There are 2 protein chains.
Amino acid sequence: MKTRTRLDHQTRQHQIVEAARELIATGGVDSLTIRGLASRVGVTEAAIYRHVASKEEVILLLLQEVQESLFQAISRATRSDRHALERLEHMLQLHVSYVELRQGISFVVIAQAAQFEEPRVRSAGRRLVEKYLSLVSEIITQGIERGEIDKTVSPDAAAMIFFGMIQSAVTRWLFDPSTHPLSENAVAMWVLFRTSLEFSDEDADRHLKEEGTD
Amino acid sequence: MKTRTRLDHQTRQHQIVEAARELIATGGVDSLTIRGLASRVGVTEAAIYRHVASKEEVILLLLQEVQESLFQAISRATRSDRHALERLEHMLQLHVSYVELRQGISFVVIAQAAQFEEPRVRSAGRRLVEKYLSLVSEIITQGIERGEIDKTVSPDAAAMIFFGMIQSAVTRWLFDPSTHPLSENAVAMWVLFRTSLEFSDEDADRHLKEEGTD
DNA sequence: ATTGTATGTTAGTAATCGCTCACATACATC
DNA sequence: GATGTATGTGAGCGATTACTAACATACAAT
């Protein structure tokens, strides 16, 4: 069956990308080599090239996989119709869980893509970051429209702070996971940051009353 | 003169570290090679090893140099006795200028050190991050003591958000410097973040009155 | 003048890198 | 059974890596 062989090809390719992820997670980007991939998949180096054109393609596929899996992981938080602040908090939790599960691969891959000269790798990394920022920014914009977030908040700036919170937490966590638990640090930052999104007290009172009359 | 030759040695070593910085700045960490260093300094590869024991030492020296120059750059903001929020804002500006001047080398080097397995490189990177966070945290703690910052703020969490703001801005800037100017994004984030450090309105009023009576 | 040290060179090492080629094998289709 | 395609192997390519040994030279101290 052609379909089966085609599927096998995709499976092998997925195995390779998975192996790439594991290699980077355990030994950093420098340990991503064709030899290492072959050894992990259980074939020879030449066989790797049956499913992948070059090492660059492996990196591009990995970036794509990271993007898909990350947005898959946080999608539960975004598509709810709850309060914007709850959605953001949920999103942060899901993102933190994702980072722990995947051992910070997203951070490492993005940092690496940023210093690549190859334009396709660069723009793949750029698109990943921009897409993430747009998602957060959109939630905040919606929150403002619904009167759940202070309207003086710049959605773009808030999204960048949100993204930066994760970068900051992951950086520390990568250096010393035991003393810098991801979720605890993330929660502590969120508790602080959300105060800059909320209404000041008088506005909040006014908003509560408005809600009550609706 | 022994002193002169010793000085020359240090000068050469400094040239090498400078060359390492430039290599990474233009081509990413992968373009940091002994060949590249030799070519940039204007000597042969073997001569590099007269002033440096290994490539690892180059990285360690670079980390050290980044730490020294960064703290040198932001020191003007820290040792002033102005309002804590002003000091933080000034520090952010100085840090941003530093990143622009050094082409984001600190971000790249830290991200790279985080995925090294070599313990000395790892801990050098870790110490750099922790020292920076302590500095910010201390300013905030002082600000709380002086009644300039809301006492419910967690200094550690605030420091991490501060650090994350820079990481976030630099990440975007590395991908596309023209469309994501560092200082503009940093200022936009700061305007938002500082609201979570400030007193709520009533407290601020109360504090102002207290200040007046002092 | 001699000696020692710092600093450079040329030439090379073994290891690893990404990648390719000629060839084998399994298997679906005809 | 013949054919074509997908997928594998072994061997090896040229390039690059970090690093070293043997040797040269400049120069300060004695």
Side-chain angles (χ1 to χ4, degrees), chain A residues 1-24 26-63 112-113 115-118 120-121, chain B residues 1-21 23-24 26-63 112-113 115-121:
Chain A
M1 284 173 277
K2 263 188 183 174
T3 42
R4 204 173 71 87
T5 49
R6 277 259 202 96
L7 214 96
D8 275 354
H9 176 71
Q10 287 183 6
T11 301
R12 262 281 189 263
Q13 197 180 63
H14 189 266
Q15 279 180 20
I16 291 170
V17 176
E18 188 72 3
R21 190 176 65 73
E22 293 166 5
L23 283 176
I24 292 180
T26 57
V29 283
D30 292 342
S31 51
L32 172 58
T33 63
I34 303 294
R35 264 177 185 71
L37 288 176
S39 147
R40 252 195 176 273
V41 173
V43 295
T44 59
E45 295 176 52
I48 297 293
Y49 287 94
R50 294 287 178 198
H51 308 277
V52 133
S54 62
K55 182 179 176 180
E56 183 192 313
E57 197 193 348
V58 176
I59 297 172
L60 283 170
L61 287 169
L62 181 59
L63 271 164
Q112 196 68 12
Q115 42 181 322
F116 249 80
E117 28 194 352
E118 215 288 319
R120 283 184 300 182
V121 176
Chain B
M1 285 173 277
K2 261 189 183 174
T3 41
R4 205 172 72 87
T5 48
R6 278 258 202 99
L7 214 97
D8 275 354
H9 175 73
Q10 286 185 6
T11 301
R12 265 278 189 264
Q13 197 180 63
H14 189 266
Q15 279 180 20
I16 292 169
V17 175
E18 188 72 3
R21 189 177 67 73
L23 283 175
I24 292 180
T26 56
V29 283
D30 292 341
S31 50
L32 172 58
T33 64
I34 303 294
R35 259 183 187 64
L37 289 176
S39 145
R40 255 195 173 274
V41 173
V43 295
T44 59
E45 295 176 52
I48 297 293
Y49 287 94
R50 294 288 178 195
H51 308 276
V52 135
S54 62
K55 183 179 175 180
E56 184 193 313
E57 197 192 348
V58 176
I59 298 172
L60 283 169
L61 287 168
L62 181 59
L63 271 164
Q112 196 68 14
Q115 42 181 319
F116 249 79
E117 26 195 353
E118 215 290 315
R120 284 183 300 183
V121 176

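Reminder, nothing fancy here: chain letters follow the sequence lines and each chain counts from 1. All values derive from a computational prediction rather than experimental measurement.
Taking NZ of Lys55(B) as the start and CG of Leu37(B) as the end, the distance is 8.5 Å to the nearest 0.5 Å. Once rounded to the nearest 0.5 Å, the distance linking CD of Gln112(B) with CG of Leu63(B) reads 10.0 Å.
With Val52(A) as the partner, the side chain to side chain contact (heavy atoms under 4.5 Å, CB included) test is satisfied by one option alone out of Leu60(A), Val58(A), Val17(A): Val58(A).
Leu37(B) comes within 4.0 angstrom of no nucleic acid atom, judged by non-hydrogen atoms across all strands. Nucleic acid contact for Thr44(B): base, since at least one base atom lies under 4.0 Å from a heavy atom of the residue.
In the set dT17(D), dC17(C), dG10(D), dT17(D) carries the atom at the smallest distance from any side-chain atom of Thr33(B). Taking every side-chain heavy atom of Glu45(A) into account, dC19(C) is the closest of dC19(C), dA18(D), dT9(D). Closest contact between the side chain of Tyr49(B) and the listed nucleotides dA18(D), dT20(C), dC23(D) involves dA18(D). Set against dC19(D), dG8(D), dT20(D), the side chain of Ala46(B) has dT20(D) as its closest nucleotide. In the set dG18(C), dC23(D), dG8(D), the nucleotide with an atom closest to the side chain of Arg50(A) is dG8(D).
If you take CD1 of Ile34(B) and P of dT16(D), they are 16 Å apart, rounded to a whole angstrom. To the nearest angstrom, P of dC19(D) lies 10 Å from CD of Glu57(B). The separation between Glu56(B) atom CD and dC19(D) atom C1' is 14 Å, rounded to whole Å. Look at CZ on Arg35(B): it is 17 Å from P on dA15(C), rounded to the nearest Å.
For dA6(C), the OP1/OP2 oxygens have no side-chain nitrogen or oxygen of His51(B) closer than 4.0 Å. At dG8(D), one or more side-chain N or O atoms of Arg12(A) fall inside 4.0 Å of OP1 or OP2 (strictly under the cut-off).
Closest approach of Arg21(B) to Leu62(B), counting heavy atoms only: CB-CD1, 4.0 Å.
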